[in-house]
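Take a look at the structure set out below.
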Amino acid sequence: MSEKIVLTCSDGTEFVVDEAVALQSQTLKHMIEDGCADNIPVPNVTAPILAKVIEYCKRHVASADPNDADLKSFYEDFVKVDQPTLFDLILAANYLDIKNLLDLTCQTVADMIKGKSPEEIRTIFNIKNDFTPEEEEQIRKDNAWAFE
Amino acid sequence: MDQDFFTNLPSENIIDILSRIPVRTIVQCKCVCKSWFNLLKSGKFVQSHLSKSSDGLAVFQSERSSDLYKIYEFKDELDLQHHELHYNPITTFNLPYHGQIEGSANGLLFLRDLRRSPNGLYVCNPITREYIELHCPQDFVYSYPQVVTHGFGTSKTTSQYKVVRIFHDCINNKNTHQMRIPKSECQVYTLGTGSWRRIELGSPLGYSCRTIGAFLNGNLHWLVYDFEGSRSTLVSCFDLETEIFSTFNLPKHDTRSLLGLFALGDFLCLSDNSSDDEIVVWLMQEYGVEKSWTKKFVISRSPNFLGEYFQRR
């Protein structure tokens, strides 16, 4: 019989998880070790995001073998989400201190940036170009080799 | 309403993401927006990227008409079947001065132009191509048989980049074949300060102008000959934080040895080239513990290489 932990997210929804699942998060691990195990508030995380995080942690408890091909395809599918969700997952993984989830989500964003030009990056992520044309030109000149 | 989600991310996460992308893209990312530009210039980003990036090798190729610097990236694929490795440099560049690469630490290169007197000394970031010239006073001029050697590294706790210059006279008494060092001095240049400071050298030791200090653990190391004391070869160790010299012993070796001192990963190593049949590499298993010198590798020389002196970087 494993211990159950109740996590309450930002809108009050409660999630019941096995202790082993919650222990994937270093933040929760410290709280559990400190004795506040009954009902842990996770106010920074919304219900749908917490549900995804729990799904990740459950899968990880089942098997964390990096050579597991199923695990690899689980990871690939796990990050096939829209940008708001992806960034919310990064924030949640950061707050809950779940290193491999943070690695996975950050790597996913990095893969979206790799090999793209600044214009493409701005388009994909809706980043406003706050340089004047002269400022941008200067940066390109100073680093000409990278733009060849 | 489309939002820029990066604005909600703590900088440490943005740094994490950006340190995973290849160098060329990172440099291009400088012109995405002002906050990215500032982040990519920050010390935190540099440290994060350094810890994640693969090891590189900087090669200086000097030909009569031009000099070229090449940076190669090492990937962790060991293919023992194919010895002729063809690496493509990740970047190739030349700089507006001529300087051979003498040292490297934490992503920066230390270069010396021997064609100028006093020598031109530069510290360069091979990726951004930014460089500074260390201005040397006129009394840095030297000539044979005087010895000048340098070291480049970062101090352990304050992470300041420092260039160390050691100079000494070398007088060989033709009758007795004894060497004497009437004068020796040391200067340190901390990057950002713009000037050289004199440092106490302690007992005079014979350095070699053919080698540069091996950088490891926040210290610089040179092979020195103790003319006036033990009459043996020792390691002279300079702590970049405290700026104090100390010495320690080498494993037993033939006094006529051709020795080389270098840092390999986290260990100080000594290569012994004196034998015709093999090159022996010793490794200091526990840093600073003389008893921990261990004979780590023995490389047998194939007939082609007999008689040549190897220098490993």
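Chain A is the first sequence line, chain B the second, and so forth, proteins listed ahead of strands; every chain is numbered from 1. Small disclaimer: the values here were computed from a predicted structure and weren't measured.
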**Request:** Can you tell which part of Leu18(B) gets under 4.5 Å to a heavy atom of chain A, answering side chain, backbone, both or neither?
**Result:** side chain
**Message:** Ring-plane angle category for His150(B) and Phe110(B), please: parallel below 30°, perpendicular beyond 60°, tilted otherwise.
**Reply:** tilted
**Asked** Does a side-chain heavy-atom distance below 4.5 Å link Thr190(B) with Arg197(B)?
**Response** yes
**Item:** Residues in residues 108-125 of chain A near chain B [non-hydrogen atoms, under 4.5 Å]
**Value:** Val109(A), Ala110(A), Ile113(A), Lys114(A), Gly115(A), Lys116(A), Ser117(A), Pro118(A), Ile121(A), Arg122(A), Phe125(A)
**Asked** Do Leu220(B) and Leu240(B) come close enough that some side-chain heavy atom pair is under 4.5 Å?
**Response** yes
**Message:** What part of Asp130(A) gets within 4.5 angstrom of chain B, counting heavy atoms only: side chain, backbone, both, or neither?
**Reply:** both
**Message:** Can you classify the ring geometry of Phe78(A) versus Phe74(A) as parallel (below 30°), tilted (30 to 60°) or perpendicular (above 60°)?
**Reply:** tilted
**Message:** Looking only at heavy atoms and a cut-off of under 4.5 Å, which of Cys33(B), Cys31(B), Cys29(B), Pro10(B) has the most pairs with chain A?
**Reply:** Cys31(B)
**Request:** Answer yes or no: is there a side-chain heavy-atom contact under 4.5 Å between Leu96(A) and Leu101(A)?
**Result:** no
**Complete:** Residues Arg115(B) and Asp113(B): closest non-hydrogen pair is N-OD1, 2.9 Å
**Message:** Quick check: closest heavy atoms across Gly194(B) and Tyr189(B), and the distance to 0.1 Å?
**Reply:** CA-OH, 3.2 Å
